[in-house]
Amino acid sequence: MGKRRCVSATENKPSSGCCGVKKPKLCPSPAGSVQPPVPHNCQPHEEKTVGPGALTPLSRPNGTTSGREQLVVTAEMGCYCFDVLYCHLHGFPQPRLPRFTNDPYPLFVTWKAGRDKRLRGCIGTFSAMNLHSGLREYTLTSALKDSRFPPLTREELPKLSCSVSLLTNFEDVGDFLDWEVGIHGIRIEFLNEKGVKRTATYLPEVAKEQDWDQIQTIDSLLRKGGFKAPITNEFRKSIKLTR
């Protein structure tokens, strides 16, 4: 079977496209990784080596954090997603519940493939879900139901990497520029040319990976959300932005 690669990172309406478009440039190598062999019993591997940056502190659901003892994102979350997908593709029973916290968070699961880390699926939810059931659900949704890609297959498993993103501290802002590249993920709402409300989302890492400034990021989100008319600064000011 080869090796699997597990990577931890930072709606119930699904939101695909959180990680950008299909272009490989949107899928650079994550900061840290875990590379245990695929277990035959679909259980998380016990001996994990974690690269730099694989674990990062994240606020609890109430928005507080007190450093490393408040760690939420763990490498095991990425490994659990691999176990869920592996068992599903091979027709095995789903793996036992993991040991990490089951607190509720909005979450996204992202799959990338190959050495160039091509995006292969990214879907999540802005509604807080308990992590055990939420990661299990969106592991399969992002792997098999992202309309931009064919479903993932058994043969692709050895070449995949997985990122888990937990979202916190949502804030509505009055100025479409009131956010920081590389710090905030953003979700925008706007009315398209026909007056229909549309939304689009980027996770925090996308703009930084693309080397975009705020205007380029906003314009890319508008296009991704289906806005086809010329984009003016007045129109940018009309969008509702949540960071």
Practice task
Could you grab the distance from atom CD1 of Ile188 to atom OG1 of Thr199, nearest 0.5 Å is fine?
Solution key: 8.5 Å
Practice task
Answer yes or no: is there a donor N or O on one side and an acceptor on the other, between the side chain of Asp83 and the main chain of Pro95, under 3.5 Å?
Solution key: no
Problem - Non-hydrogen side-chain atoms of Asp219 and Arg236 separated by less than 4.5 Å - result: yes
Exercise for the section: Identify the residue among Trp212, Tyr202, Trp179 that makes a side-chain contact (heavy atoms from CB on, under 4.5 Å) with Ile218. Expected result: Trp179
Handout entry: Within-4.5 Å side-chain heavy-atom neighbours: Lys112 and Cys162
Key = no
Exercise for the section: Any chance you could measure Arg99, atom CZ, to Arg96, atom CZ, to the nearest 0.5 Å? Expected result: 7.5 Å
Handout entry: For the student: nearest non-hydrogen atoms of Gln94 and Cys87, plus distance
Key = NE2-CB, 3.9 Å
Handout entry: Worked verdict on Leu241 versus Asp178 for side chain to side chain contact (heavy atoms under 4.5 Å, CB included)
Key = CA-CA 9 Å; Leu241 188 142; Asp178 188 8; over 6 Å; no
Exercise for the section: Report whether Leu221 and Leu191 are members of the same hydrophobic cluster (ILVMFWY, side-chain heavy atoms less than 4.5 Å apart, transitive linking). Expected result: no
Handout entry: Phe190 and Phe176, any side-chain heavy atoms less than 4.5 Å apart
Key = no
Exercise for the section: Kindly indicate, with the supporting measurements, whether the criterion side chain to side chain contact (heavy atoms under 4.5 Å, CB included) is fulfilled by Val173 and Thr242. Expected result: CA-CA 6 Å; Val173 298; Thr242 302; over 6 Å; no
Practice task
Evaluate the side chain to side chain contact (heavy atoms under 4.5 Å, CB included) criterion for residues Leu89 and Thr153: first the C-alpha distance (whole Å), next the side-chain angles of each, then the deciding distance (0.1 Å), finally the verdict.
Solution key: CA-CA 7 Å; Leu89 292 177; Thr153 66; 5.8 Å; no
Exercise for the section: Any chance you could measure Glu137, atom CD, to Ser142, atom OG, to the nearest 0.5 Å? Expected result: 10.5 Å
Handout entry: Between CD1 on residue Ile123 and OG1 on residue Thr141, distance to nearest 0.5 Å
Key = 6.0 Å
Problem - Pairing residues for Arg198 by the salt bridge (charged side-chain N to carboxylate O under 4.0 Å, His left out) criterion, not counting sequence neighbours - result: none
Exercise for the section: For residues Met77 and Thr74, determine if any side-chain heavy atom of one lies less than 4.5 Å from a side-chain heavy atom of the other. Expected result: yes
Practice task
Kindly assign one of parallel, tilted or perpendicular to the pair Phe227 and Phe235, based on the angle between their ring planes and the thresholds 30° and 60°.
Solution key: parallel
Problem - Side-chain (Asn130) to main-chain (Ser133) donor-acceptor, under 3.5 angstrom - result: no
Problem - Beyond-backbone contact of Ile215 with Leu177, side-chain heavy atoms, under 4.5 angstrom - result: yes
Practice task
Identify whether the distance between the nearest side-chain nitrogen and carboxylate oxygen of Lys228 and Glu193 falls below 4.0 Å.
Solution key: no
Fill in the blank from the handout: On a heavy-atom basis, the closest approach of Trp111 and Leu160 is CE3-CD1, 4.0 Å
Problem - Residue pair Pro204 / Ile183: nearest heavy atoms and the distance that separates them - result: CB-O, 3.9 Å
Practice task
Before giving the answer on salt bridge (charged side-chain N to carboxylate O under 4.0 Å, His left out), spell out for Glu234 and Lys237 the whole-Å C-alpha distance, their side-chain angles and the decisive distance to 0.1 Å.
Solution key: CA-CA 5 Å; Glu234 285 304 309; Lys237 291 178 179 180; 3.8 Å; yes
Problem - Asp213 backbone acceptor or donor facing Gln216 side chain under 3.5 Å - result: yes
Practice task
Specify the closest pair of heavy atoms between Cys122 and Phe108, including all atoms of both residues, with the distance to one decimal.
Solution key: SG-CD2, 4.3 Å
Handout entry: Rounded distance [0.5 Å steps], CG in Leu222 versus CD1 in Ile231
Key = 4.5 Å
Handout entry: Validation row: Phe82, Thr139 side chains within 4.5 angstrom (heavy atoms)
Key = no
Exercise for the section: Please tell me if the side chains of Pro150 and Arg120 come closer than 4.5 Å, counting only heavy atoms from C-beta onward. Expected result: yes
Practice task
Return the minimal non-hydrogen interatomic distance between Arg187 and Thr201, and the atom names on each side.
Solution key: CG-OG1, 3.6 Å
Problem - Stacked cation flag Arg243 on Phe170, 6.0 angstrom / 45 deg - result: no
Problem - Reported CD1-to-CD distance for the pair Ile186 and Gln214, which is rounded to 0.5 angstrom - result: 8.5 Å
Fill in the blank from the handout: Between Leu144 and Pro151, the two heavy atoms sitting closest are O-CG, 3.7 Å
Exercise for the section: Report yes if some heavy atom in the side chain of Tyr105 is under 4.5 Å from a heavy atom in the side chain of Asp103; otherwise report no. Expected result: yes
Handout entry: side chain to side chain contact (heavy atoms under 4.5 Å, CB included) between Tyr86 and Arg154, worked out
Key = CA-CA 8 Å; Tyr86 181 90; Arg154 294 185 191 181; over 6 Å; no
Exercise for the section: Using distance alone, with no hydrogens and no angle criterion, decide if Arg136 and Tyr80 have a side-chain donor and acceptor under 3.5 Å apart. Expected result: yes
Practice task
Please answer whether the main-chain N or O of Val84 pairs with a side-chain N or O of His88 as donor and acceptor at a distance below 3.5 Å.
Solution key: no
